[in-house]
Number of protein chains: 2
Amino acid sequence: MELKTATAALAALAHEGRLATFRLLVQAGPGGVAAGEIARRLGVLPNSLSANLNLLSHAGLISSRREGRSIIYTADYDGMTALLGFLVQDCCGASSEICAPLYETLVRSACCPPDATPMRETA
Amino acid sequence: MELKTATAALAALAHEGRLATFRLLVQAGPGGVAAGEIARRLGVLPNSLSANLNLLSHAGLISSRREGRSIIYTADYDGMTALLGFLVQDCCGASSEICAPLYETLVRSACCPPDATPMRETA
DNA sequence: TCCATATTTCAACGATAAAAGAAATATTCG
DNA sequence: CGAATATTTCTTTTATCGTTGAAATATGGA
């Protein structure tokens, strides 16, 4: 990923409404959420949301598909992964013990550790 | 981390100059880099850089300390970790296999896997 | 075809952020 | 104390972003 691409993705997320939208879609999973449903849940105007969805989409962070009269938006996990990868890319250039806690936090923040272990037992 | 805090951090990074600055500091490690040195390396005016460093600092992404006549800036790995944690926080709400590749990418992007294994052998 | 629903596009206004030059503050050394 | 270096602060100008209302496009069903 290039600097400009990453900047555009970060700019897309650097907005309360868009960040909330993105997280909503991330949590919703592959099933996605219709634009109108997003607008209702977040309490924003449909046209404002549309502009913001368009921005997130151009940044490669979300995708869309039509389903009947509705347009379903989904998080683009590849784009999200690329952005996060770019941010941590050379984090250990100087000393590798610095970013070790980073992984612990990331693993704990979500539900699926790198091993794909469902994280049931603590050991 | 709250939505507003995360938005501020993302806004701080959503700027080519600031993103380049942040990555430079992340790569530089705990030793940090003096403001003047950053300006020289990135080819930006000192006053512009100062404003951007201030923004990154208020966002909790970098820290600073005075050393003689220079002010040394360092990446704030805690702030960085908090932001990334917020972004991946509920990524598997729907189906846990979705964000499994995310960890693989993150581990490969940097140098220190969660196990603190130096990543020499592929197995 | 006609109407209702869902979403997007357009145009305009106000607010916010970025860039640059000049001046000010802090530190070191003679 | 005075000069030089390092960084920040102030001020102005310019450009970009966000919001809103109204109209336009697309789909599904009577």
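Sequence lines set the chain letters: A, B, ... in the order given, protein chains first and strands last, and positions in each chain run from 1. Keep in mind the model is a prediction, meaning the values are calculated, not measured. Just the heavy atoms: all of them, side chains too, but no hydrogens, waters or symmetry mates, feed the values below.
- Salt bridge A:E67/A:R65: present, at least one basic N to carboxylate O contact under 4.0 Å.
- A heavy atom closer than 4.0 Å to some atom of DNA chain C occurs in A:P46, A:N47, A:S50, these being the qualifying members of residues 38-60 of chain A.
- Following rounding to the nearest Å, A:E16 (CD) and C:dT16 (P) show an atom-to-atom distance of 13 Å.
- Distance from the side chain of A:S70 is smallest to C:dT7 among C:dT7, D:dA26, D:dT8.
- Between B:A12 and B:L61, the shortest heavy-atom contact is CB-CD1, 4.2 Å.
- Not a single donor-acceptor pair under 3.5 Å links the side chain of B:R18 to the backbone N or O of B:L13.
- You'll find that the side chain of B:R69 is closest to C:dT28, out of C:dT8, D:dT27, C:dT28.
- Remark: of the listed residues B:T21, B:L55, B:L53, B:L53 is the sole one forming a side-chain contact (heavy atoms from CB on, under 4.5 Å) with B:I62.
- When each of A:A11 and A:R66 is assigned the nucleotide of DNA chain D bearing its nearest heavy atom, the one mapping closer to the 5' terminus is A:A11.
- No side-chain donor-acceptor contact under 3.5 Å links A:R23 to the backbone of A:L25.
- When rounded to the nearest whole Å, the span between CG of A:L13 and P of D:dG18 equals 12 Å.
- Heavy-atom distances to DNA chain D give each of A:H15 and A:G68 a nearest nucleotide, and the one nearer the 5′ end belongs to A:H15.
- B:I72 has its CD1 atom 11 Å from the C1' atom of D:dA6, to the nearest Å.
- Distance CD1 (B:I71) to C1' (D:dT5): 13 Å, rounded to an integer number of Å.
- In this entry the distance linking CD of A:E67 with P of C:dT7 reads 11 Å, nearest Å.
- Per the geometry, CD1 belonging to B:I62 stands 13 Å off C1' belonging to D:dT7, to the nearest Å.
- For the residue pair A:T7 and B:H15, the shortest heavy atom distance occurs at CG2-N, 3.6 Å.
- Remark: B:Y73 is not in phosphate contact with D:dA6, judged by side-chain N or O atoms under 4.0 Å from OP1 or OP2.
- B:A39 approaches B:L49 most closely through the heavy-atom pair N-CD2, 3.6 Å.
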